[in-house]
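Below: one structure, written as structure tokens.
Chain letters run A, B, ... following the sequence lines, proteins first, then strands; residues in each count from 1.
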There are 2 protein chains.
Amino acid sequence: MPPEKQYYQAHPTFHVAVDSIIFGFDQGELKLLIHKRQFEPARGEWSLFGGFVQQDESLDEAASRILSEHTGLRDIYMEELHSYGEVDRDPAGRVISVAYFALIPAGEFTEAGKSKSGATWVSMEELPSLIMDHNQMVEKALRRLKRRAATQPIGFELLPGEFTMPQLQALYEAIYQSKLDKRNFRKKILAMEVLIKLDTKDKSSSKKGAYLYRFDQKKYKKLVEGGYNFTI
Amino acid sequence: MPPEKQYYQAHPTFHVAVDSIIFGFDQGELKLLIHKRQFEPARGEWSLFGGFVQQDESLDEAASRILSEHTGLRDIYMEELHSYGEVDRDPAGRVISVAYFALIPAGEFTEAGKSKSGATWVSMEELPSLIMDHNQMVEKALRRLKRRAATQPIGFELLPGEFTMPQLQALYEAIYQSKLDKRNFRKKILAMEVLIKLDTKDKSSSKKGAYLYRFDQKKYKKLVEGGYNFTI
DNA sequence: TCAAAAGTGTTCAAGATACACCCATGA
DNA sequence: TCATGGGTGTATCTTGAACACTTTTGA
């Protein structure tokens with residue numbers, strides 16, 4: 001055995017898990033996707049979606065795999081949130097967990113909730129108690145979401161490809177838990193110049209109908225490359 | 001064996017390392033503490049300080065331990081930065097690494113550099129090529145530092161307990177790589193009301209001498225609890 | 001015709017930026 | 001006495017916040 005392998009092998013190894021904090025937006029409310037844990041310990045209690053990292057996959061790949069196994073969704077916005085490594089965080093053994101933060105667009109919302117693994121959307125307003133340190137993870141994820149939403153146009157990840165201003169505003173209001181002024185909100189959003197206004201209207205929530213917009217990915221990328229950064 | 005242990009054991013385990021991006025500030029420059037790696041693979045190449053997590057310690061504890069083993073310093077500002085888990089990131093085997101971001105106060109700067117483990121402070125301006133994905137970690141840490149410095153009074157972690165306005169300004173200029181206006185800078189900093197002006201002056205860098213300040217921890221904590229947040 | 005949601009501008013206050021001179025002191 | 005770095009105030013601009021009425025249309 002080469003010396004470096006020997007050196008490495010003198011050190012312990014650990015189970016590494018990923019747990020995903022999956023946010024969705026529906027009915028004017030920010031929601032979290034959870035399920036009842038299907039194995040011991042704490043079987044039957046509310047838990048984030050998680051699983052163990054396998055030999056042939058990176059952390060990011062494990063997070064995507066687990067998300068798609070449970071929700072059937074692919075190409076979802078995910079980013080690493082934080083790693084949790086307290087010695088006794090899992091009563092059944094030492095597990096180091098890497099938490100991921102995911103945003104599911106409203107269009108794919110129902111589908112994800114209907115998965116076979118008993119996925120349930122719960123309102124962030126009335127979050128149940130989750131196993132182990134999962135509530136702590138959710139709190140951190142919520143702080144991250146607030147910051148991201150304020151500085152990057154990440155909110156669009158939670159809406160369908162075409163959305164109206166009132167929808168976008170409702171989303172921001174749900175994230176920040178506060179009312180925003182219509183006129184000021186539109187002004188700021190439009191000042192970014194990353195929205196394309198369509199000719200079609202969405203009449204599902206009013207008689208007058210609200211214009212649909214689409215997020216201009218290309219324009220946004222150019223702005224970011226040029227050093228721009230957003231603020232709501 | 002209880003069923004949960006069996007379930008866990010069906011999954012692979014991994015070596016988990018921590019790597020620390022250690023920033024210091026000296027001679028008006030932002031610096032990084034690195035050393036030449038002492039074991040294979042890549043022995044003798046520039047590397048961040050790192051090591052393997054042990055059975056009886058959390059990730060945070062491992063990071064603190066490794067920092068103090070190499071620099072002799074304790075109670076240093078550290079926070080988790082990001083986890084790196086690409087399958088082939090380490091040519092000698094699968095290692096998942098949790099990167100930490102640390103700030104060493106100027107007073108303890110020299111001491112840290114003189115450790116037996118060959119620690120060297122290098123200027124962020126002329127950073128050498130580091131092993132594996134360590135340069136990537138440093139880039140991320142630098143972005144984190146910039147953001148933190150702009151929104152939390154974290155810059156104080158890089159200065160001695162008593163410091164002058166010109167020193168503080170030079171630090172921010174080093175972090176942002178840009179000149180700041182003296183009057184505006186003082187105005188903003190003093191408007192935070194978290195500095196205590198002392199009667200003593202520091203004459204080490206001018207004949208007139210500059211007043212020393214101390215950071216008011218208590219006042220800062222109160223502000224943060226009240227929902228305040230800083231902006232430089 | 002009216003109820004309900006969508007859309008639109010202006011004023012004011014606060015915060016950010018630009019900018020130039022005097023002060024204290026050791027050499 | 002003079003060179004060097006430390007310290008200070010004001011005017012202007014930009015940005016964020018507050019605020020009320022008209023429009024559209026299906027029921």
Can you list the steps and then say if A:Y84 with A:E86 is a side chain to side chain donor-acceptor pair (under 3.5 Å)?
CA-CA 6 Å; A:Y84 293 82; A:E86 292 302 313; over 6 Å; no
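- Using cut-offs of 30° and 60° for the angle between ring planes, the A:H70 and A:F49 rings count as tilted.
- Residue-to-nucleotide contacts include no donor-acceptor pair under 3.5 Å from the side chain of B:K208 to the base of C:dA24.
- Looking at which nucleotide of DNA chain D each of B:Y211 and B:K207 is closest to, the 5′-most match is held by B:K207.
- Under the 4.5 Å side-chain criterion, counting only non-hydrogen atoms from C-beta, A:I76 is not in contact with A:L103.
- B:F185 places its CZ atom 20 Å from the P atom of C:dC19, with the value rounded to the nearest Å.
- A donor N or O paired with an acceptor N or O is found under 3.5 Å between the base of C:dA20 and the side-chain atoms of B:R183.
- Taking only distance into account, the side chain of B:K187 meets the base of C:dT17 through a donor-acceptor pair shorter than 3.5 Å.
- Toward the 5′ end of DNA chain C lies the nearest nucleotide of A:S205, the other residue of the pair B:G209 and A:S205 mapping further downstream.
- Among the heavy atoms of the strands, none lies under 4.0 Å from B:K201.
- Atom CG in A:N184 sits about 16 Å away from atom P in C:dA13, given to the nearest Å.
- Residue contacts for B:T164: at a heavy-atom cut-off of 4.0 Å it reaches no nucleic acid atom on any strand shown.
- Ring geometry for A:F215 against A:Y220 counts as tilted: the plane angle lies between 30° and 60°, on a 0 to 90° scale.
- Atom pair B:K188:NZ and C:dA18:P shows a separation of 11 Å (rounding to whole Å applied).
- Side-chain contact between A:R89 and A:S97 is present, with heavy atoms from C-beta onward closer than 4.5 Å.
- For the pair B:D202 CG and D:dG7 C1', the interatomic distance rounds to 15 Å; values are reported in whole Å.
- Atom CG of B:D181 and atom P of D:dA11 are 16 Å apart (whole Å).
- Contact of B:K182 with D:dG7 (side chain to base): a donor-acceptor pair of N or O atoms is detected under 3.5 Å.
- To the nearest angstrom, P of C:dA16 lies 13 Å from OH of B:Y176.
- Regarding B:Q169, its CD atom lies at a distance of 13 Å from the P atom of D:dT8, rounded to whole Å.
- Rounded to an integer number of Å, the gap from CZ of A:F163 to P of C:dA6 is 15 Å.
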